[in-house]
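In what follows, every chain begins at residue 1, and chains take the letters A, B, ... in the order their sequences are listed.
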Amino acid sequence: MVVAGAGSGKTRVITYRIAHLIRERGVDPESVLAITFTNKAAGEMKERIRAMMEHGGPTPWVSTFHSFCLRMLRKHISELGFSNDFAVYDAQDQLTLVKQCMKAAQISKEAFPAKSLLNHISGFKNDFILPEQLDLDSMSYGHQMKAAELYPVYQAALKSNNALDFDDLLASTAKLFQQVPSLREHYDKKFQYILVDEFQDTNAVQYELVRLLSMDVKNVCVVGDDDQSIYRWRGANIENILNFEKDYPGTTVIKLEENYRSTQNILTAAGNVVRENQGRNEKTLWTQNEKGDPVICYRAEDEIGEAEFVCDRIQNLSQEEGFAFNDIAILYRTNAQSRVMEDMLRKAEIPYQVIGGLRFYERREVKDVLAYMRVLINPDDSVSLKRIVNVPARGIGKTSLEKVEAFCREKGLTLLEGLRHVGQERILGAAATGKIGNFISILDHLDSVYRQSNPLELLSEVIDRSGYATMLNNEDTRESKGRMENLNELYSAVEQLVENENGTLREFLDSTALVADLDNLDDERGVLPLMTLHTCKGLEFSAVFLVGMENGLLPHASSMSDSAEYEEERRLCYVGFTRAKKKLFLSHARRRRIYGNTFNYLPSDFLNSIPSEVMERGSSTPDYNMNSPKQFSGSANTSYSSEAESESEYSIGTKVLHPKFGSGIVINRSGEEEDLKLEVFFKDGHGKKKLAANLANLIIL
DNA sequence: ATTGCTTGTCTTTTT
DNA sequence: GACAAGCAAT
């Protein structure tokens, strides 16, 4: 186990270890399995290993957990009673199916938001709790309990659609190895060497997978950094680092504490922020690098001023100091923050790319077109079928579809089978029957294309015959033109697949299901990347701008009520800082418009952790760099000017006292002046309360 | 019965 | 500001 700080060369350790094993120890490359966090990282690692080998030949398995599992399942899933043409459901598909199941199970969607139930189900899967293993007595409150009730229904629905969701890829593979010992043994023996990067972000299933593959051959090398654990909310478990030594007795632990990436000042700032966390392994990163420039912290009046500052400095770095745009990054906590930055970058004519946000393969038109192809491959996929049955509109509405569905339930047919029987069974009137017949004949035609030609021809036929092209052409708006462009882009993606790899349609669909945001990062051209703090993990840039350093954004408002979540925000901040090699710019705005409301945020608590020797403050208005950072966690806030006080009253993060509930912290606010509503999280088990500010008799602490 | 329109809701992070 | 659910108009 290699416990290694940021910038200490973790990934390099894995890459060189693999190269060493193969080159010096004569290990068969195909007996090596390396797990990375993104497909991009996997590709780069493979490339580097290949470069270190003398000649081509077999290569080690390098992939993400998800792609590894998908590969296993495509080969062996019949053992679990699925057909190997199963579909992979993304978050949208999952939600659609959950809603459908809730209707069937008569669960009120007002009392239980589908998203919340899905989150809990995902949580069960990440903890590797199968529906039959649910312990209802251990369930906490209402949502989790309801989710437990829905979980088996949802799994059954997935099965009848011959589909797995994202979390199933992992859980089902683990289940597969547990249920079929011969298979487990086979792969255990095959993979003599297993290496896992970013181990601090593995969850229970992933841990179990590693364990299952290393029972007979206990040769595992994991690399991680507990300070960079930022996926707790996704089920990641830092405990995995602790359990490791128990499950693998005789583990050698190697610490890497020298940082080769950042200047001393940046490292000091980052180290001080993360040091305040309680549950962490004490380690201090050091570097031989120069002290470097101080970290710059800029206070803007509003988010536009912040964006102006950022663009200004970027121009400066580019023109005066010769930084390439792709060596500078803008990082933020939430995707929504990118918009203002984009507007300003466009004005400044700086080329940029936003990583993340709405993914290409999640766009409506792309998903619609892909849904046609998914149905051809897997006719049981009713989620995709329902998506396209009336898209473009062809007169098959809600009521008709409901009747067909009822008929299907009664006869035990899949939706597609049901649609095919509409005519004979006289379920619907002549008009509706005819429309469904047309749709079926479109599908049949596409199916024959699918069987006879390549994916590229099929795609153009889908776009054409479905009526999608006509629909977009008729609309003739800026939006519809954009959608058409996306379809053209999809076309080039498939084109590439067919030309270069001679891939099949299913391989293409699989790859679309597994693309990560970061996989789209294109670091060749001089394009400036914008991304969230989560996405930036593993990357480095000469200059980094971390914007929105405010209580409520970083730390995010939703983390204020839970100390474990709050600590994760700190780590997130640490990850952001340590991406920077030479220059780190922080910024925060006094006012910020979000969702149409104006918020007055206070500067982030995390800024207070940074020693003034390594940080320089600036702002568009004077009086900022004079004082040390304001303290607002203590009892007195006399350092505020009166103007600042009225402005920041009840800001997110403010500690308050309530006559009944005692002390608490403001985690959200809405409305203005008289109608100001606060959401306050109280200690001592009172939990979240919504209060009207002028009625609640709150005392600001 | 379907369509296109309006209203209301909800926005942390993602393989 | 995006999107889904609910509405009146055809």
Side-chain angles (χ1 to χ4, degrees), chain A residues 35-42 63-70 88-92 94-96 99 109-110 113-116 119 122 125-126 165-171 198 201-203 205-206 229-236 331-340 355-359 361-364 390-403 428-429 431-432 435 475 479 511-519 531-537 548 552-560 562 565-566 568-569 571-573 575-576 593-597 667-668 670:
Chain A
I35 301 290
T36 58
F37 211 66
T38 62
N39 296 302
K40 182 167 184 284
S63 70
T64 63
F65 272 113
H66 291 267
S67 356
F68 171 78
C69 289
L70 184 53
V88 179
Y89 279 2
D90 69 9
Q92 284 176 42
Q94 289 179 53
L95 203 61
T96 313
K99 284 178 185 163
K109 61 182 188 227
E110 284 76 33
K115 249 203 181 131
S116 162
N119 263 336
S122 172
K125 292 184 181 182
N126 286 327
D165 72 14
F166 239 88
D167 306 305
D168 283 338
L169 292 180
L170 304 176
E198 306 281 10
D201 282 323
T202 52
N203 59 33
V205 207
Q206 292 168 333
S229 160
I230 53 175
Y231 285 100
R232 210 184 72 94
W233 52 273
R234 207 167 77 185
L331 308 178
Y332 36 76
R333 176 64 232 271
T334 66
N335 282 308
Q337 285 167 265
S338 75
R339 174 163 254 109
V340 195
I355 315 293
L358 187 60
R359 289 191 187 84
Y361 292 112
E362 285 172 5
R363 283 163 209 261
R364 194 166 58 207
N390 198 31
V391 173
R394 45 175 79 89
I396 306 171
K398 209 169 128 198
T399 12
S400 301
L401 205 60
E402 264 167 20
K403 281 180 190 161
L428 300 167
K435 285 166 183 166
E475 269 182 50
E479 196 196 330
S511 71
T512 67
L514 296 175
V515 278
D517 289 334
L518 204 55
D519 296 338
M531 69 191 97
T532 65
L533 289 168
H534 284 89
T535 308
C536 77
K537 192 167 71 158
L553 274 178
L554 181 69
H556 195 270
S558 61
S559 74
M560 298 273 193
D562 180 300
E565 278 183 42
Y566 186 81
E568 184 143 308
E569 299 288 311
R571 293 193 292 269
L572 217 35
C573 185
V575 168
R593 277 179 69 86
I594 297 178
Y595 321 130
N597 300 25
I667 58 174
N668 236 324
S670 57

Engineer: So A:T334, base contact, sugar-phosphate only, or nothing? Heavy-atom distance under 4.0 Å.
Structural biologist: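 Result for A:T334 = sugar-phosphate.
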Engineer: Here's a test of your reading of the structure: between A:T38 and A:I396, which maps to the more 5' nucleotide of DNA chain B?
Structural biologist: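 With A:T38 and A:I396 compared, the 5'-side residue is A:I396.
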Engineer: Tell me: CG of A:D165 to P of B:dT14, nearest whole Å?
Structural biologist: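 Rounded to the whole Å, the gap is 18 Å.
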Engineer: Give one of base, sugar-phosphate or nothing for A:K403, where a contact means two heavy atoms less than 4.0 Å apart.
Structural biologist: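 The residue A:K403 makes sugar-phosphate contact but no base contact.
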Engineer: Once you apply a heavy-atom cut-off of 4.0 Å, does A:N39 come out as touching a base, just sugar-phosphate, or nothing?
Structural biologist: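 It contacts nothing in the nucleic acid.
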Engineer: Can you name the side chain to side chain donor-acceptor pair (under 3.5 Å) partners of A:H66, sequence neighbours left out?
Structural biologist: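 With sequence neighbours excluded, A:H66 shows a side chain to side chain donor-acceptor pair (under 3.5 Å) to no residue whatsoever.
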Engineer: Does a side-chain N or O from A:R339 land closer than 4.0 Å to OP1 or OP2 of C:dA2, or not?
Structural biologist: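 For C:dA2, OP1 or OP2 has a side-chain N or O of A:R339 closer than 4.0 Å.
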Engineer: Take the protein atom CD of A:E569 and the nucleotide atom C1' of B:dT13, then report the distance between them rounded to whole Å.
Structural biologist: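 After rounding, the gap between these two atoms is 8 Å.
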Engineer: Write down the distance between CG (A:L553) and P (B:dT13), rounded to a whole number of angstrom.
Structural biologist: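 Roughly 11 Å, once rounded to whole Å.
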Engineer: Can you list the residues that meet the side chain to side chain donor-acceptor pair (under 3.5 Å) rule with A:K435, with sequence neighbours excluded?
Structural biologist: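 Expected list: none.
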Engineer: In whole angstroms, how far is the P atom of B:dT13 from the CD1 atom of A:I230?
Structural biologist: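 Result: 13 Å.
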Engineer: Please confirm whether the shortest side-chain N or O distance from A:N335 to OP1 or OP2 of B:dT14 is below 4.0 Å.
Structural biologist: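 Looking at the OP1 and OP2 atoms of B:dT14, one of them is under 4.0 Å from a side-chain N or O of A:N335.
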Engineer: Is there a side-chain polar atom (N or O) of A:S400 under 4.0 Å from OP1 or OP2 of B:dT2?
Structural biologist: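 It does, given that an N or O in the side chain of A:S400 lies less than 4.0 Å from OP1 or OP2 of B:dT2.
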Engineer: According to side chain to side chain donor-acceptor pair (under 3.5 Å), who are the partners of A:Y89, at least two apart in sequence or on a separate chain?
Structural biologist: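 A:D381.
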Engineer: Taking only residues two or more places apart in sequence or in another chain, which ones pass side chain to side chain donor-acceptor pair (under 3.5 Å) with A:E362?
Structural biologist: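 If we apply the side chain to side chain donor-acceptor pair (under 3.5 Å) test to A:E362, skipping adjacent residues, the hits are A:R359.
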Engineer: When all nucleic acid strands are considered with a 4.0 Å heavy-atom cut-off, which category describes A:F65: base, sugar-phosphate, or nothing?
Structural biologist: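 The answer is nothing, as A:F65 stays clear of every strand by at least 4.0 Å.
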Engineer: Rounded to the nearest Å, what distance is computed from the CG atom of residue A:N126 to the P atom of nucleotide B:dT14?
Structural biologist: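 Atom-to-atom, A:N126 to B:dT14, this comes out as 15 Å.
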Engineer: Using the six-membered ring for Trp and the full ring for Phe, Tyr or His, decide whether A:Y231 stacks on the six-membered base ring of B:dT14 (centres under 5.5 Å, planes under 30°).
Structural biologist: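 By the stated criterion, A:Y231 and B:dT14 do not stack.
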Engineer: Side chain of A:T399, heavy atoms from C-beta onward: which of B:dT2, B:dT3, B:dT15 has the nearest atom to it?
Structural biologist: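 Selected nucleotide: B:dT2.
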Engineer: Would you please name every residue forming a ring-ring contact (aromatic ring centres under 6.0 Å, His included) with A:F37, sequence neighbours left out?
Structural biologist: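 Once residues adjacent in sequence are excluded, the partners of A:F37 under the ring-ring contact (aromatic ring centres under 6.0 Å, His included) criterion are A:Y231.
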Engineer: Closest to the A:A393 side chain: B:dT13, B:dT3, B:dT15?
Structural biologist: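 Between B:dT13, B:dT3, B:dT15, the one nearest the side chain of A:A393 would be B:dT3.
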Engineer: Without decimals, in angstroms, what is the distance between A:L170 CG and B:dT15 P?
Structural biologist: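 Rounded to the whole Å, the gap is 13 Å.
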Engineer: Find the distance between CG (A:L331) and CD1 (A:I355) and round it off to the nearest 0.5 Å.
Structural biologist: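 Taking CG in A:L331 and CD1 in A:I355, the distance rounds to 11.0 Å.
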Engineer: How long is the line joining NZ of A:K537 and P of B:dT14, in whole Å?
Structural biologist: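 Result: 12 Å.
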Engineer: Tell me which nucleotide among B:dT11, B:dT15, B:dT13 gets nearest to the side chain of A:H534.
Structural biologist: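 For A:H534, the side-chain atoms sit closest to B:dT13.
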Engineer: Counting only side-chain N and O atoms of A:T535, is one of them less than 4.0 Å from OP1 or OP2 of B:dT14?
Structural biologist: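 Checking A:T535 against B:dT14: at least one side-chain N or O falls below 4.0 Å of OP1 or OP2.
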Engineer: How long is the span from the CG atom in A:N39 to the OG atom in A:S63, to the nearest 0.5 Å?
Structural biologist: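 If we round to the nearest 0.5 Å, A:N39:CG and A:S63:OG are 8.0 Å apart.
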Engineer: How many whole angstroms separate atom CG of A:D201 from atom P of B:dT15?
Structural biologist: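 A:D201 atom CG is separated from B:dT15 atom P by 12 Å.
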Engineer: If a protein heavy atom is under 4.0 Å from the base, mark B; if only from the sugar-phosphate, S; if neither, -; do that for nucleotides 4-10 of chain C going 5' to 3'.
Structural biologist: -S-----
Engineer: Working to the nearest 0.5 Å, report the span between CG of A:N390 and CD1 of A:I396.
Structural biologist: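 Separation between the atoms: 6.0 Å.
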Engineer: Report yes if a side-chain nitrogen or oxygen of A:N390 is closer than 4.0 Å to either non-bridging phosphate oxygen (OP1 or OP2) of B:dT3; otherwise report no.
Structural biologist: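 Checking B:dT3 against A:N390, a side-chain N or O does come within under 4.0 Å of OP1 or OP2.
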